[in-house]
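Because only heavy atoms are used, hydrogens play no part in the values below, and waters and symmetry mates are left out as well, while side chains stay in. This structure is a prediction, so every number in the text was calculated from the model and none was measured. So you know, we letter chains A, B, ... as the sequences are listed, proteins then strands, and number each from 1.
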2 protein chains.
Amino acid sequence: MASPRRKRSDTEPSSTGTAKLHLTRFLPYRVSVLSNVVSHTVAKLYDKRFGITIPEWRIIAVLGSGETLSAGEIAQRTAMDKVQVSRAISRMLDSALILRESGDTDRRKALLTLTPKALEIYAEIVPLALAYEAQLTSALTEEEATQLDRLLIKLQAQADQLAATPNTP
Amino acid sequence: MASPRRKRSDTEPSSTGTAKLHLTRFLPYRVSVLSNVVSHTVAKLYDKRFGITIPEWRIIAVLGSGETLSAGEIAQRTAMDKVQVSRAISRMLDSALILRESGDTDRRKALLTLTPKALEIYAEIVPLALAYEAQLTSALTEEEATQLDRLLIKLQAQADQLAATPNTP
DNA sequence: TGAAGCTAGTTTCAACTGAAACTGTTGCAA
DNA sequence: TTGCAACAGTTTCAGTTGAAACTAGCTTCA
């Protein structure tokens, strides 16, 4: 493998002082494009066969083990905001995918459980989802898959931290 | 490093026939969450200081070198659809960030160029964008960054192919 | 107690989105 | 030529989104 003397960076300070940027090498752009294609493909999978959206699928995914959670807990685990969760839940109530009963100790918290119908969907979707994931990673070696796992964890941690930082003054 | 005997997969065929899935280990979900955080952070960067959206920024990015492109070419290079591009352009015309003149040879194609004002924004944003990218990858070693690059390319290629495949019959 | 301030979840509003329909332009073929 | 399919870009429509305001229930502490 030829190894370039120095990693060719996007930065090109150039005598004029104007740095250049190639979108196709810009990490945020690349991640966004990848995410779009993947989400779109996966959404088609869910929607076509079961008529559910990604937020609904995520809720089914976290409740799929039979657990009972509040809307807030679902929001945390699915990385969605509470508005999104609220709306997905109301759709799922309409389509009888979820049961809601208010808690005894705290009546603000609604306890949410999947209906048998939703559990069936879960049981059907999971293999499809995993099959897609397997196909996606089939282009990688076992070692690369492990690397990917580690890199994603690191990037996510760093992205979270940078997002939390108010603003580089 | 302890190496697990076998990669612990999400699949859990289990005697009942119901596979399980942990959202937090599901690649499409992970990529989506990462993309959201990153995009959100970056959008704040653009929006706060320059009042532009991500589509507008992308257009500025591809035209930033001074090139003249048609809307269709912009759509291709930015991975946005033509509707998104059309709308971004009309906003940019309003805010005097872009110039449009119809081509001589084909009057359907509008030739688009950035105004000096937009070029200034470009010159200001690029360092900020690159700084963010640098911070994001600062958690990685040089080698890891190279791996990431390779993995993203592979994943994108595979995702594109799977998206193109009509439907696994 | 009970006023003030949390927290959980919902609603509202204005902006954004994608798919499909549409307008105008070009190229090709009869 | 004219007629028609293909193409570039725009508009429409119906739905989705996120931020902020709001309602309702809980907690604290004077």
Side-chain angles (χ1 to χ4, degrees), chain A residues 32-33 35-37 39-44 46-48 51-59 62-63 68-95 98-113 163, chain B residues 32-33 35-37 39-44 46-48 51-59 62-63 68-95 98-113 163:
Chain A
S32 165
V33 171
S35 170
N36 283 345
V37 174
S39 294
H40 209 259
T41 308
V42 170
K44 228 181 282 174
Y46 304 152
D47 182 35
K48 265 203 171 168
I52 62 173
T53 63
I54 287 190
E56 292 169 39
W57 149 246
R58 286 189 179 176
I59 291 176
V62 295
L63 294 178
T68 294
L69 299 175
S70 71
E73 290 167 325
I74 290 176
Q76 275 195 314
R77 299 212 200 171
T78 56
M80 301 192 286
D81 71 47
K82 60 181 184 169
V83 177
Q84 230 177 339
V85 171
S86 169
R87 287 197 266 237
I89 286 172
S90 88
R91 279 194 301 267
M92 292 172 80
L93 285 169
D94 290 346
S95 48
I98 213 168
L99 289 175
R100 172 164 60 184
E101 50 176 334
S102 54
D104 303 336
T105 59
D106 188 337
R107 256 177 311 159
R108 288 170 309 176
K109 291 191 187 181
L111 305 177
L112 301 159
T113 330
Chain B
S32 165
V33 171
S35 170
N36 283 346
V37 175
S39 293
H40 209 259
T41 309
V42 171
K44 227 181 283 173
Y46 305 152
D47 182 37
K48 265 203 171 166
I52 62 173
T53 63
I54 288 189
E56 292 170 38
W57 149 245
R58 286 189 178 176
I59 291 176
V62 294
L63 294 178
T68 294
L69 299 175
S70 71
E73 291 166 325
I74 289 176
Q76 276 193 314
R77 300 213 199 171
T78 56
M80 302 192 285
D81 72 47
K82 61 181 184 169
V83 177
Q84 227 176 342
V85 171
S86 170
R87 287 197 265 239
I89 287 172
S90 88
R91 279 194 302 266
M92 292 172 80
L93 285 169
D94 289 347
S95 47
I98 212 167
L99 290 175
R100 172 165 61 184
E101 50 177 334
S102 53
D104 303 337
T105 60
D106 187 337
R107 255 178 311 160
R108 288 171 306 178
K109 292 190 187 179
L111 303 177
L112 301 159
T113 330

Are any of the side-chain heavy atoms of A:Leu112 and A:Ile59 separated by less than 4.5 Å?
->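 A side-chain contact under 4.5 Å is absent here.
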Under the side-chain hydrogen bond (donor to acceptor under 3.5 Å, both in side chains) rule, collect the residues that match up with B:Glu73, sequence neighbours excluded.
-> B:Ser70
Under the side-chain hydrogen bond (donor to acceptor under 3.5 Å, both in side chains) rule, collect the residues that match up with A:Arg77, sequence neighbours excluded.
->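 A:Arg77 satisfies side-chain hydrogen bond (donor to acceptor under 3.5 Å, both in side chains) with A:Glu67 once adjacent residues are dropped.
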For [X], give me all partners under side-chain contact (heavy atoms from CB on, under 4.5 Å), at least two apart in sequence or on another chain.
X	answer
B:Ser39	A:Ser32, B:Ser35, B:Ile54
B:Ser86	none
B:Thr68	B:Leu111, B:Thr113
B:Thr41	A:Ala163, B:Val37, B:Tyr132

Listed by chain and number, what are the salt bridge (Lys or Arg N to Asp or Glu O under 4.0 Å) partners of A:Arg91, not counting sequence neighbours?
-> A:Glu56
Name all residues meeting the salt bridge (Lys or Arg N to Asp or Glu O under 4.0 Å) criterion together with B:Asp106; count only those two or more places apart in sequence or in a different chain, and write none if there are none.
-> B:Arg108
What's the [atom1]-[atom2] distance between [X] and [N], to the nearest Å?
X	N	atom1	atom2	answer
B:Arg107	D:dT10	CZ	P	16 Å
B:Leu93	D:dG9	CG	P	13 Å
B:Lys109	D:dT10	NZ	P	14 Å
B:Glu73	D:dA8	CD	C1'	11 Å

Using a 4.0 Å heavy-atom cut-off across all strands, classify A:Ser70 as base, sugar-phosphate, or nothing.
-> sugar-phosphate
With sugar-phosphate meaning primed atoms plus P, OP1 and OP2, does B:Lys82 contact a base, only sugar-phosphate, or nothing at under 4.0 Å between heavy atoms?
->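 Since a base atom lies under 4.0 Å of B:Lys82, the category is base.
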Would you mind building the protein contact string for nucleotides 13-19 of chain D? One character per nucleotide, 5' to 3', B for base within reach (heavy atoms under 4.0 Å), S for sugar-phosphate only, - for untouched.
-> ----BBB
Do A:Arg108 side-chain and D:dC26 base share a donor-acceptor contact under 3.5 Å?
->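 Absent.
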Residue whose nearest DNA chain D nucleotide is more 5′ - A:Asp106 or B:Asp106 =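 First, find each residue's nearest nucleotide; the 5'-ward one identifies B:Asp106.
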If you measure from CE on A:Met92 to CD1 on A:Ile98, what distance do you get to the nearest 0.5 Å?
->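 Answer for the CE-CD1 pair, A:Met92 versus A:Ile98, is 4.5 Å.
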For the student: nearest non-hydrogen atoms of A:Leu93 and A:Arg100, plus distance =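 A:Leu93 and A:Arg100 have their closest heavy atoms at CD1-NH2, 3.1 Å.
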Quantify the bending of the helix from C:dT1-D:dA30 to C:dA30-D:dT1 as the angle between its end axes, each fitted on five pairs, to 10°.
-> 0°
Which nucleotide of DNA chain C is the first, and which the last, in the 5' to 3' direction, to come under 4.0 Å of a heavy atom belonging to chain B?
->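 Counting from the 5' end, contacts occupy C:dT17 to C:dT26.
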